[in-house]
Amino acid sequence: MDIKGNHGQWRTAIVFAMLLVLCAGFFLRSYHFSDWLHFELDQARDARVIDAAIDGSAADLPLLGPKAGGTFLRLGPFFYYFQYATGLVFGADPAGYATGVMLLSVATLAVFFLLVRRFFIDRIAIGLTAIMTVSLFFVMYGRFAWNPNPLPFFVLSGLYALLRSVDTHEERRGWWFAGAVAMFGIASQLHFLAFLALPAILGGFLVLRRPRYPWKAWIGAIVMVGLLYLPVILNEIGTSGQNSQEFLQAITEKSTKEEHVLIEKFLRDVSEHGLAALVITTGFEGGMFPVLRIEGNQLAWSCAERCDTGKWYGIVAVLMLGLSILAFFWLWWRERERIKADFLLLSGIWFIITFILFLPLSYGIAPRFFLLSGPLFLIFFGALCVMIERILHRHHIGKIIVTGAIATLIGSNLFFVVQRFDELSRAGSEAVASEPDRVLKERIRVTLEQQTAIVDFLESRSKEHGYPVYMKSEPEYQRAFKYLLAARSVDAPSFALDGVYRQGVYYLVLRAQSDHEDALRKYRESYTVGTRTDFGTLVAFELIPKPEAIIGERPNTESVKPPSVSQIPLRYTWREWFSRNQTVPVDSDTEDALDGPEDVTDESN
C-alpha cells in the first residue's frame with residue numbers, strides 16, 4: 001500500500017500541487033526544445049545508428065549499444081531501441097530522437113515524489129520534487145538525447161518498486177520485485193557505473209532486508225533480465241565473447257587509471273560529492289574546492305586563482321552535505337516504522353555503494369556520473385529539513401525555516417535556468433561568454449538552431465559552385481555537422497591536409513573565442529584564408545586552395561581505401577546475426593570514413 005496522509009481537501013491540494021510541478025517540469029524541459037537542442041558527437045553517432053533502422057527495419061538495430069567512455073566495452077542496446085521507438089512516433093530527426101528522453105525526465109518527477117513520499121510528509125515531499133523540477137542539473141539533462149540521461153527515471157522506478165516489494169501491506173509483492181529487477185536491468189544498459197552499482201544495491205538490500213518472494217517472482221525476474229540481455233548474449237555468441245573481455249579490461253583500467261593514494265581519493269570523492277550537491281540543489285556552478293594531497297605524513301592543499309574565488313562556496317557545500325548526511329543517518333538510527341525504515345535503509349545502501357564506486361574514479365568524476373545518484377542529495381536535504389522541524393518545533397519556527405529554505409533553492413535554480421536559457425537564446429548571434437560548466441562541461445553554448453544555420457550556409461555555398469563541401473570543425477561538433485549535411489544529401493567528403501582539390505568548398509568552423517590564428521596556422525601552407533562568417537559562438541573561415549597545393553579536380557571515388565582494422569569488438573545487427581555465416585558485421589561507429597580520427601572518442605559513460 002502506498003497511501004499516506006489525509007483524504008479530502010488536503011489530498012486534492014496535493015494532486016493539484018503535483019500537476020503544477022509536472023506542468024512546470026514539462027515547460028522547462030520543452031521550451032525551445034528543438035531550437036536549443038544539444039546535438040554533438042555522441043548524439044550524431046546515435047542518430048546514424050537509428051537512421052539505419054528507420055530507413056530499413058528493426059532488424060537493422062544493433063545487438064550492442066554505445067561504448068563506455070574511454071574503453072572499447074559496449075553497453076546493452078536498450079537506449080538504441082528506445083530511440084528507435086521515439087523516432088517512429090515523434091520523427092526521425094535529432095529532436096524526434098530526443099523527445100522520449102525529455103518525456104521520461106518529466107515522468108521522473110512523479111516517480112521521485114512517490115518514492116520520497118514513503119518517508120517524508122507530503123509538504124516536504126512536494127518541496128523536494130519542486131526543487132528537482134527546476135534543478136538546472138536535471139532540467140539540462142532532460143533536454144537532449146544521450147544514453148545516460150534516462151538513468152534517473154529507471155533508477156528511481158526500480159528503487160520505488162523494490163520498496164513496494166517488501167511492503168507487507170502489498171498484495172502483489174512478487175510483481176513489484178520483478179518490476180524492480182526489470183527497471184534496474186534497463187538502467188544497467190545506460191551507463192557503465194549503473195551496470196556495476198545497481199546489482200550491488202539490489203543484492204545489499206535483499207541480504208539486509210531478507211524478504212520472501214514466491215518462486216514465480218524469481219522466475220519472472222530472471223526472465224526479465226534474460227530478455228533484456230538477450231541481444232548482448234547473442235552478440236557474445238557471434239563474437240566469441242569479445243565484449244566480455246573488454247568488460248574485464250575496462251574494470252582494470254578504470255580502477256588503476258589514477259595514481260593517488262586512497263586517502264587522497266577519499267578526500268577528492270567527498271569534495272566532488274559536495275560540489276555536485278551544490279549544483280543539483282542550487283544550480284550554482286561557481287563552487288570550487290582546494291586540491292588536497294598527502295606529502296610525506298602531512299596533508300597539503302593548493303588552490304589556483306579560479307579555485308580561490310569559489311573555494312568558500314565549495315567548503316560550505318561540503319559541510320552542508322556532511323550535516324545533511326548526519327541528519328539522514330540519525331533519522332535512520334531512530335526510525336522504527338517499517339515502511340520508513342526500509343526507505344532509509346535502501347537510500348543508505350544507494351549512497352554507500354555509489355560513493356565507494358566513485359572512489360577509484362574520484363579524480364575523473366564527470367557531472368553525468370551523478371545521474372546515477374543525484375536524487376540522493378535532495379533526500380539528504382529533506383532529512384535535514386525533518387531534523388530542523390523536530391528540533392525547532394515550537395511556534396512553527398522549524399516549519400518556517402524549512403519552507404524558506406525550499407523556496408530559496410527553487411528560486412536559485414530558476415535563476416540559473418533562466419540564465420542558461422538566455423545564453424542559449426543568444427548563442428547563434430553573439431559570442432556568449434560562459435562560466436565554467438559543471439553540468440554538461442560545455443566550453444561554449446552551441447544549439448541545433450545555430451548548427452542548422454551553419455549547414456544552411458554551407459549548403460548554399462555548395463549549390464552556388466556545384467562543388468562538394470570540405471568542412472573541418474572542433475571534434476565535438478565535426479560529426480554533428482557531417483550528419484546534418486548528409487541528411488540534406490550534401491556531398492561532404494573527408495577534409496585532409498594532404499588532399500586539396502580544385503572543385504571544392506573549404507571551411508573551417510571554430511569557436512568564436514578560441515585562438516583562430518593558432519588554429520589556422522597549419523592550413524596556411526595549402527590555403528589562403530578567405531571570408532570570415534560569424535554564427536554567434538562559432539565562426540566559419542573560408543579556405544581557398546593555393547594552386548601549388550592542388551592535386552586534382554576531385555577525389556577519385558573509384559579507388560576507395562579499404563577500411564582500417566578496428567580494435568573495437570564486432571557488433572552485429574539482428575539481420576547480420578541471423579545471416580552471420582554469409583556476412584560480416586559492420587560497426588556504424590567505425591565504418592564512416594567521413595569522421596576524422598579525433599571523432600572516435602566516446603564520452604558517454
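Computed from a predicted model, the values in this text were never measured in an experiment. Quick note: numbers below take in every heavy atom, side chains included, and nothing from hydrogens, waters or symmetry partners.
Shown here for A427 and T447, the closest heavy-atom pair between the two residues is CB-CG2, 4.3 Å. In plain terms, the two heavy atoms of K482 and S494 that are nearest each other are NZ-CA, 4.3 Å. For the pair A512 and G536, the tightest heavy-atom approach, listed with the atom from each and the gap, is CB-O, 3.4 Å. When all heavy atoms are compared, the tightest approach of W574 to P62 is NE1-O, 4.4 Å. Of all non-hydrogen atoms in Y483 and P94, the two that sit nearest each other are CE2-CG, 4.1 Å. Among all heavy-atom pairs drawn from L61 and A53, the shortest one is CD2-CB, 3.5 Å.
Counting only heavy atoms from C-beta outward, the side chains of L64 and P231 never approach each other to under 4.5 Å. No side-chain heavy atom of I186 sits under 4.5 Å from any side-chain heavy atom of F82. In this structure, R571 and V49 have side chains that are in contact, with non-hydrogen atoms separated by less than 4.5 Å. Side-chain atoms of E542 and Y506, non-hydrogen and from C-beta on, never get closer than 4.5 Å to each other. The closest side-chain heavy-atom distance from L520 to L543 is below 4.5 Å. Counting heavy atoms from C-beta on, the side chains of L372 and V155 come closer than 4.5 Å. Taking 4.5 Å as the limit, every side-chain heavy atom of V432 sits out of range of all side-chain heavy atoms of I444. Proximity of L458 to V505: side-chain heavy atoms (C-beta onward) are nowhere separated by under 4.5 Å.
Judged by distance alone, the side chains of D46 and Y80 do bring a donor and an acceptor atom under 3.5 Å apart. For Y229 and S188, the side-chain atoms include at least one donor-acceptor pair closer than 3.5 Å. With no hydrogens or angles considered, a side-chain donor-acceptor pair links E236 and S244 at under 3.5 Å. Using modelled atom types, one finds no donor on one side chain facing an acceptor on the other under 3.5 Å when comparing Y31 with R143. For the residue pair N235 / W577, no side-chain donor-acceptor distance below 3.5 Å is found, with atom types taken as modelled. Between the side chains of E272 and S362, no donor N or O sits under 3.5 Å from an acceptor N or O.
A donor-acceptor pair under 3.5 Å links the side-chain atoms of T281 to the main chain of A277, judged by distance alone. Proximity of a side-chain donor or acceptor of S105 to a complementary backbone N or O of V101 within less than 3.5 Å is not detected. In this structure a side-chain-to-backbone donor-acceptor pair under 3.5 Å is present from R29 to T133. No donor-acceptor distance shorter than 3.5 angstrom exists from the side chain of S514 to the backbone of L510, with no hydrogens or angles considered. No donor-acceptor pair closer than 3.5 Å links the side chain of S135 to the backbone N or O of M132. Without hydrogens or angle criteria, Q189 side chain to L228 main chain gives a donor-acceptor distance under 3.5 Å. Remark: side-chain polar atoms of Y141 are paired, donor with acceptor, to backbone N or O of V439 under 3.5 angstrom. At least one donor-acceptor pair closer than 3.5 Å links the side chain of N413 to the backbone N or O of G283. Within the 3.5 Å criterion, the main-chain N or O of P475 finds no donor-acceptor partner in the side chain of Q478. Remark: side-chain polar atoms of N147 are not paired, donor with acceptor, to backbone N or O of F79 under 3.5 angstrom.
To the nearest 0.5 Å, atoms CE (M471) and OG (S462) are separated by 12.5 Å. In this structure, I280 CD1 and F370 CZ are separated by 7.0 Å, a value rounded to the nearest 0.5 Å. Rounded to the nearest 0.5 angstrom, S373 OG and W350 CH2 are separated by 7.5 Å. Of the inter-residue distances, the one linking L104 atom CG with L109 atom CG reads 11.0 Å to the nearest 0.5 angstrom. Of the inter-residue distances, the one linking L196 atom CG with H191 atom NE2 reads 10.0 Å to the nearest 0.5 angstrom. To the nearest 0.5 Å, atom CD1 of residue I54 and atom CG of residue D60 are 10.5 Å apart.
Contact check on R48 versus D51 returns no salt bridge, with no Lys/Arg side-chain nitrogen under 4.0 Å from an Asp/Glu carboxylate oxygen. A salt bridge between R445 and D437 is present, with a side-chain N of the basic residue lying under 4.0 Å from a carboxylate O of the acidic one. Electrostatic pairing of E246 and K67 does not count as a salt bridge here, judged by no charged N lying under 4.0 Å from a carboxylate O. Under a 4.0 Å N-O distance rule, the pair D269/K265 does not qualify as a salt bridge. Here E285 pairs with R420 in a salt bridge; the nearest charged N to carboxylate O distance falls below 4.0 Å. Looking at R511 and E474, a side-chain N of the basic residue comes within less than 4.0 Å of a carboxylate O on the acidic one, giving a salt bridge. By the 4.0 Å N-to-carboxylate-O rule, R532 lies close enough to D534 to be salt-bridged with it. Between E476 and R443 there is a salt bridge, since a side-chain N of the basic residue sits under 4.0 Å from a carboxylate O of the acidic one.
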>> Does T533 form a side chain to side chain contact (heavy atoms under 4.5 Å, CB included) with I454? I'd like the steps, not just the answer.
In response: CA-CA 9 Å; T533 307; I454 294 174; over 6 Å; no
>> side-chain hydrogen bond (donor to acceptor under 3.5 Å, both in side chains), that's the test. Do T537 and Q450 meet it? Break it down for me.
In response: CA-CA 9 Å; T537 55; Q450 181 181 3; 2.8 Å; yes
>> Using side chain to side chain contact (heavy atoms under 4.5 Å, CB included), reason through W36 and L448 one step at a time and then give a plain yes or no.
In response: CA-CA 6 Å; W36 300 346; L448 180 60; over 6 Å; no
> When you look at W146 and D42, which way does the side-chain hydrogen bond (donor to acceptor under 3.5 Å, both in side chains) test go after all the steps?
Replying inline: CA-CA 7 Å; W146 204 14; D42 291 341; 3.1 Å; yes
> What's the verdict on ring pair (Phe, Tyr, Trp, His ring centres under 6.0 Å) for Y160 and F112, showing C-alpha distance, side-chain angles and the deciding distance?
Replying inline: CA-CA 8 Å; Y160 175 70; F112 179 74; over 10 Å; no
>> Using the rule given for ring pair (Phe, Tyr, Trp, His ring centres under 6.0 Å), can you reason through F144 versus F33, listing the C-alpha separation, both sets of side-chain angles and the distance that settles it, and then say yes or no?
In response: CA-CA 8 Å; F144 69 101; F33 180 71; 9.5 Å; no
> Run the side chain to side chain contact (heavy atoms under 4.5 Å, CB included) check on L440 and H38 step by step: do they pass?
Replying inline: CA-CA 10 Å; L440 300 181; H38 177 95; 4.2 Å; yes
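Aromatic rings from F358 and H273 are positioned such that their centres are separated by under 6.0 Å. Aromatic ring centres of F154 and F184 lie farther apart than the 6.0 Å criterion allows. A distance of 6.0 Å or more separates the ring centres of F90 and Y97.
Residue pairs meeting the salt bridge (Lys or Arg N to Asp or Glu O under 4.0 Å) criterion with at least one member in residues 447-456, sequence neighbours excluded, are D456-R488.
Using bins of under 30°, 30° to 60° and over 60° for the plane-to-plane angle, the ring pair Y523/F495 lands in the perpendicular bin.
Applying the side chain to side chain contact (heavy atoms under 4.5 Å, CB included) rule to L275 yields the partners F289, R438; only residues at least two apart in sequence or on another chain are considered.
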